[in-house]
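Here's the structure we're looking at; comments come further down.
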Amino acid sequence: MTDCIFCKIIAGEIPSTNVYKDEQVTAFRDINPAAPTHILIVPNKHIDSSNFLIADDEALIGHLFTVAKDLAKQEGIAESGYRLMMNTNAEGGQTVFHIHLHLLGGRQMKGFG
Ligand code: DGP
């Protein structure tokens, strides 16, 4: 997608602090961190949101979680705990329409919303 900011980050066209990359996903630090660790794990393939997932994406979405778990360990928050979160559309709080998993940790998470 030519006008997608995360596609541009994945392509290396705009700068980001990448912490992981493979043929399926890219992970980079959130530009506006909501916690000491705030990493976005993003499929390299453009998918607008969870509303557009198909059965063929199941392994890809599972891989997002495996990478998130490994990054939590790398960040030293696997034992203290962390939150994995995916927002969908306006009331879900989604602002970038390229599906992504938030990894948040390094402080006590509280509540929802
Ligand atoms: P969401 O609200 O769930 O769609 O999360 C989008 C996140 O993306 C938000 O926490 C801020 C982050 N973000 C937006 N633009 C950029 C960018 O250009 N670079 C990086 N690293 N993060 C971005």
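Whatever order the structure lists them in is the order used to number ligands and atoms, beginning at 1.
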Response to the item:
Tightest non-hydrogen contact, residues Ala68 and Leu101, listed as CB-CD2, 4.0 Å
Worksheet, complete the sentence: Heavy-atom closest pair (Asn32 atom, His38 atom, distance to 0.1 Å) is O-ND1, 4.1 Å
Fill in: Joint cluster assignment, Val19 & Val25, ILVMFWY side-chain distance < 4.5 Å
yes
Acceptor/donor pairs from residues 40-49 side chains to any protein atom, 3.5 angstrom cut, sequence neighbours excluded:
{"from": "Asn44", "atom 1": "OD1", "to": "Thr26", "atom 2": "N", "distance (Å)": "3.2"}
{"from": "Asn44", "atom 1": "OD1", "to": "Thr26", "atom 2": "OG1", "distance (Å)": "2.6"}
{"from": "Asn44", "atom 1": "ND2", "to": "Asp22", "atom 2": "O", "distance (Å)": "2.9"}
{"from": "Asn44", "atom 1": "ND2", "to": "Glu23", "atom 2": "O", "distance (Å)": "3.2"}
{"from": "Lys45", "atom 1": "NZ", "to": "Asp57", "atom 2": "OD1", "distance (Å)": "2.6"}
{"from": "His46", "atom 1": "ND1", "to": "His98", "atom 2": "ND1", "distance (Å)": "3.2"}
{"from": "His46", "atom 1": "NE2", "to": "Asp48", "atom 2": "OD1", "distance (Å)": "2.6"}
{"from": "His46", "atom 1": "NE2", "to": "Phe97", "atom 2": "O", "distance (Å)": "3.3"}
{"from": "Ser49", "atom 1": "OG", "to": "Asn51", "atom 2": "N", "distance (Å)": "3.1"}

Worksheet item: Same cluster or not: are Phe6 and Leu84 linked, directly or through other Ile, Leu, Val, Met, Phe, Trp or Tyr residues, by side-chain heavy atoms under 4.5 angstrom apart?
Response: no
Practice prompt. Collect the protein residues that have a non-hydrogen atom under 4.0 Å from ligand 1 and hand them over in chain and number order.
Written response: Ile5, Phe6, Ile9, Phe28, Arg29, Asp30, Ile31, Leu40, Asn87, Gly93, Gln94, Thr95, Val96, His100, His102
Worksheet item: Within a radius of less than 6.0 Å around CD of Glu79, do more than 12 heavy atoms belonging to other residues, nucleotides or ligands occur?
Response: no
